[in-house]
2 protein chains.
Amino acid sequence: MERSTRQRHAIRSALEAAGRPLLPSEIHAEAQREIAALGLATVYRNIKQLTAAGDIRPVELPGDPARYELAVHKHHHHFRCKSCSRVFDVHACPGNMQKLAPPGFKVDGHELTLYGLCSGCQ
Amino acid sequence: MERSTRQRHAIRSALEAAGRPLLPSEIHAEAQREIAALGLATVYRNIKQLTAAGDIRPVELPGDPARYELAVHKHHHHFRCKSCSRVFDVHACPGNMQKLAPPGFKVDGHELTLYGLCSGCQ
DNA sequence: ATACTTGCAAAACATTTGCAGTGAG
DNA sequence: CTCACTGCAAATGTTTTGCAAGTAT
């Protein structure tokens with residue numbers, strides 16, 4: 001069973017306060033302002049548990065370690081601006097991808113990232 | 001200046017023979033069939049150099065370490081088997097993505113990854 | 001010869017796990 | 001009272017780096 005601990009609350013609060021994807025080390029630093037003795041291993045364990053529970057979601061940018069954010073949105077994709085490097089949510093989805101796979105392959109999920117210029121960088 | 005060594009040749013050959021993105025450890029194992037004493041550090045050093053030279057390209061999938069493939073291939077996507085974790089090239093492409101982006105955004109590239117079961121793992 | 005390369009081992013990182021003690025239900 | 005949770009340290013797993021020896025040009 002899942003318990004409600006001070007540590008877990010501090011970690012969730014850190015993500016809520018940030019409003020942007022945070023690195024595990026950033027979550028750790030932020031949550032330590034609430035609980036000084038908080039261990040980094042506990043942050044990782046909670047990230048894993050919260051992710052499994054669907055409360056938070058990993059945001060993986062090529063080259064960097066995974067960041068985490070609250071799972072506020074439903075299925076969506078990402079648009080990364082080549083100029084400002086910011087990542088935006090794209091709520092459209094091309095739909096079924098089965099026809100793209102080689103014969104004999106079964107598709108049951110997909111991930112799409114668009115690259116280009118955002119409206120502010122045109 | 002860039003030299004042509006046996007090691008570099010073996011590494012490039014491994015990627016040519018595979019025809020799919022390989023992990024550094026897979027490149028190492030394959031290239032060792034040609035040069036038994038090949039060190040893993042040498043594989044990493046060559047990957048870095050070949051990437052900088054534009055000969056190979058990294059394929060970064062969420063959750064696991066970067067794979068590498070020859071940069072010769074034209075535009076394509078990837079399929080990752082949830083069972084055996086291998087990654088395959090998908091030469092089909094859904095095409096124009098502009099309509100998915102928010103108004104005011106200009107799309108000039110995209111990356112797509114499919115997840116599911118490969119023919120061997122059904 | 002020169003200086004880029006290599007193999008090995010150790011280092012640098014990010015993440016996970018073992019364990020004994022702690023605390024929520 | 002129980003057993004999930006925690007902190008700490010040690011263990012993993014991946015990629016990088018220091019160094020002395022090797023080798024392509």
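Below, read A as the first sequence line, B as the second, and so on, with proteins coming before strands; counting in each chain starts at 1.
- Contact between the side-chain N/O atoms of B:K48 and the OP1/OP2 oxygens of C:dT5 is not found at any separation under 4.0 Å.
- Classified by interplanar angle (parallel below 30°, tilted 30° to 60°, perpendicular above 60°), the ring pair A:H77/A:H110 is tilted.
- Smallest separation of non-hydrogen atoms from B:I56 and B:I47: CD1-O, 3.7 Å.
- If you look at A:Y115 and A:F79, their ring centroids are not closer than 6.0 Å.
- Counting only heavy atoms from C-beta outward, the side chains of A:Q49 and A:T51 never approach each other to under 4.5 Å.
- Per the geometry, CG belonging to A:D64 stands 14 Å off P belonging to D:dT15, to the nearest Å.
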- Note on the structure: Counting primed atoms, P, OP1 and OP2 as sugar-phosphate and everything else as base, the B/S/- map of nucleotides 3-9 of chain D against protein heavy atoms under 4.0 Å is BBSBBBB
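- Looking only at distances, a side-chain donor or acceptor of B:R8 sits under 3.5 Å from a matching main-chain atom of B:R3.
- Within residues 23-32 of chain A, no residue has any heavy atom under 4.0 Å from DNA chain D.
- Heavy-atom contacts from other residues, nucleotides or ligands closer than 6.0 Å to NE2 of B:H91 number more than 12.
- In this structure, A:Y44 reaches the C:dT15 phosphate: one of its side-chain N or O atoms is under 4.0 Å from OP1 or OP2.
- Formation of a donor-acceptor pair under 3.5 Å by the B:Q98 side chain with backbone atoms of B:F105 is found in this model.
- For A:H9, the NE2 atom counts as loosely surrounded, since its 6.0 Å shell holds 12 or fewer non-hydrogen atoms of other residues, nucleotides or ligands.
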